[in-house]
Amino acid sequence: MEKHIRIFDTTLRDGEQAPQCSMNTEEKIEIAKQLELMGVDCIEAGFPISSEGAFAAVEKIAKTIKESQVAALCRAVEKDIDAAWYSIKDAVSPRIHTFLATSPIHMEHKLKMSPDKVLMNIDYAVRYAKKYCSDVEFSAEDAMRSEKEFLVKAFNTAIKAGATVINVPDTVGYVVPEEMNETIRYLFNNVDRIEDVIVSVHCHNDLGMAVANSLAGVKAGALQVECTINGLGERAGNAALEEIVMALRTRRALFGAYTNIDTKQISRTSKLVYNIIGQTAPINKPIVGANAFAHESGIHQHGVLSARETYEIMKAEDLGIMENKLVIGRHSGKHAIADRLMNMGYDFNADELAHYYDKVKELSDKKKNITDSDLEAIINNKERFVGTYKLEHFDIHTAKNSTSACIIKLSKENNIIEGVSLGDGPINAAYNAINNLTGNICEKLINYSIHSVSDGNDALGEVTVKLQSKDVIVTGRGLSTNIIESSIMAYINGINKILETR
Ligand code: KIV
Ligand code: ZN
């Protein structure tokens, strides 16, 4: 019989923990809803003890999500477990995920605990979590560098104390597939009552083997895979959800397994996550990179045209990758936009539709042909919260070999404020003017990037900036056919986000 492989997504926890991948609460909720729509079995929403903001975000996600399980991470100590439980207690299907390291190197140098003490703590933590929640996952951190006999003891202890899922992380991305496969088999042969729990794998990608190791775990009997969208995560990242799901789907007979993921949502989910963290996929990234389904060479093109299977093992449409049709014109009504969005598989409410409609109208004054990509960019760039500052007007003078000057008007709580500044180029002049008006709240522009959303001279330009203020780093985004306007909007969006953290 085919096995159901549960997809445990940790984009909002292990993914978000990575440098430059932090997200605000609204963004996390948006991703959580998309993960739910995609059919993720369990969403790890965060590490609630880490900050008040993290707690609040997990709590909101737990209250919002109805179809997927919601998990919260905690160390194996009471105050962490309390925070985890209170953040997810209103979820339809909550899970407490507690962890403790089991490798000699972690026990000795990080925990400074004897192996016996580690076993006692596992027992205590799982029993303590179990008082709150029937579903408790225990992870043996650095499992793959632990002694196998001790790992068996740790999992025996966790299962006896009531764990329902035991997770085997390759925390430092150290092993190769053969070793992962052997370890999971060893656990199946040696851990008591292992058939009563779900065995899970959680692989990091330091040697580029996270996906292969996860699949080797599945081959050996693991029924849950922990992964992240686009493979986000600490250092080189975690196993990429889209690769795991498509490998299982494309080689279904080999694995004798399936997932509940609606693969048509994969492309959109990947873009949403990249958009939120202000990055784009490397062109050759499996499944979600721009070249993943492109055939340039004549031989390949000829082959694919004669019979697709010659060079394609997956269909782009199964991932929800659009043909980029011309969709909407100046005269299209709300109904036509709603219809197109539904065809593209989007879920939206009346307010969101009204917002998209306004943006399409605005855009159709500047751009002749509006395509699916434009529509998608509008959706991905919708304001995720109402900010303090709003752009009202700008006027920039720039010329070769001379200093640029910018006059800018912003509104702040219904007051219009106006500033002027010079700069080395139009964007520098605009950013200097905004800095003067906002009290230099942005201390450093860490990164600026621009990419065009579709083809043609009138394409939408999407600007992403990373701004730093003390130890806070935020991503700001702006979208317009005028790249100076998108640059200004991205900067203001970032400043609004810095203010939101205060
Ligand atoms: O990589 C790891 O060990 C983890 C655990 C907390 C599951 O992320
Ligand atoms: Zn991890």
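First listed ligand is number 1; within each ligand, the first listed atom is number 1. Hydrogens, waters and symmetry mates are skipped; everything else that's a heavy atom, side chains included, is used.
When all heavy atoms of Met180 and Val168 are compared, the closest pair comes out as CE-O, 4.1 Å. Here the closest non-hydrogen pair linking Ile194 and Ile159 is CA-CD1, 4.2 Å. Here the closest non-hydrogen pair linking Pro169 and Ala140 is CD-O, 3.0 Å.
Around the Zn ion (ligand 2), protein N, O or S atoms at a distance under 2.8 Å total 3; waters are neither shown nor counted.
Here the side chain of Tyr491 pairs no donor or acceptor atom with the backbone of Leu445 at under 3.5 angstrom. At least one donor-acceptor pair closer than 3.5 Å links the side chain of Asp41 to the backbone N or O of Ile7.
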Under the salt bridge (Lys or Arg N to Asp or Glu O under 4.0 Å) criterion, do Glu242 and Arg249 qualify, and how do the steps go? CA-CA 10 Å; Glu242 62 278 6; Arg249 181 183 157 123; over 6 Å; no
Steps toward salt bridge (Lys or Arg N to Asp or Glu O under 4.0 Å) verdict (Arg13, Glu226): CA-CA 11 Å; Arg13 199 277 300 169; Glu226 303 199 350; 5.3 Å; no
Would Arg477 and Glu27 count as a salt bridge (Lys or Arg N to Asp or Glu O under 4.0 Å) if you check the C-alpha gap in whole Å, the side-chain angles of each, and the deciding distance to 0.1 Å? CA-CA 13 Å; Arg477 276 179 303 273; Glu27 292 166 337; 3.4 Å; yes
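In this structure, His4 and Tyr258 have parallel ring planes: the angle between them is below the 30° cut-off, well short of the 60° mark.
The distance criterion of under 3.5 Å between nitrogen or oxygen atoms is not met by Glu226 with respect to ligand 1. Below 3.5 Å of separation, one finds no N or O of His97 facing any N or O of ligand 1. Of the N or O atoms in Glu141, none lie within a sub-3.5 Å distance of an N or O in ligand 1. Taking only nitrogen or oxygen atoms, main chain and side chain alike, His202 reaches within less than 3.5 Å of ligand 1.
In summary, the atoms of ligand 1 found under 4.0 Å from a heavy atom of Ser139, numbered by their order in the structure, are 7 (C). Which parts of ligand 1 touch His204 is read off a 4.0 Å heavy-atom cut-off, strictly below it: atoms 1 (O).
Within the structure, ligand 1 has Arg13 among the residues with a heavy atom less than 4.0 angstrom away.
For the 3.5 Å distance criterion, the side chains of Asn230 and Ser270 qualify, holding a donor opposite an acceptor.
Ranking protein heavy atoms by distance to atom 3 (O) of ligand 1, first place goes to Thr171 OG1, 2.7 Å.
Only side-chain heavy atoms of Asp14 come within less than 4.0 Å of ligand 1; its backbone N, CA, C and O stay farther off.
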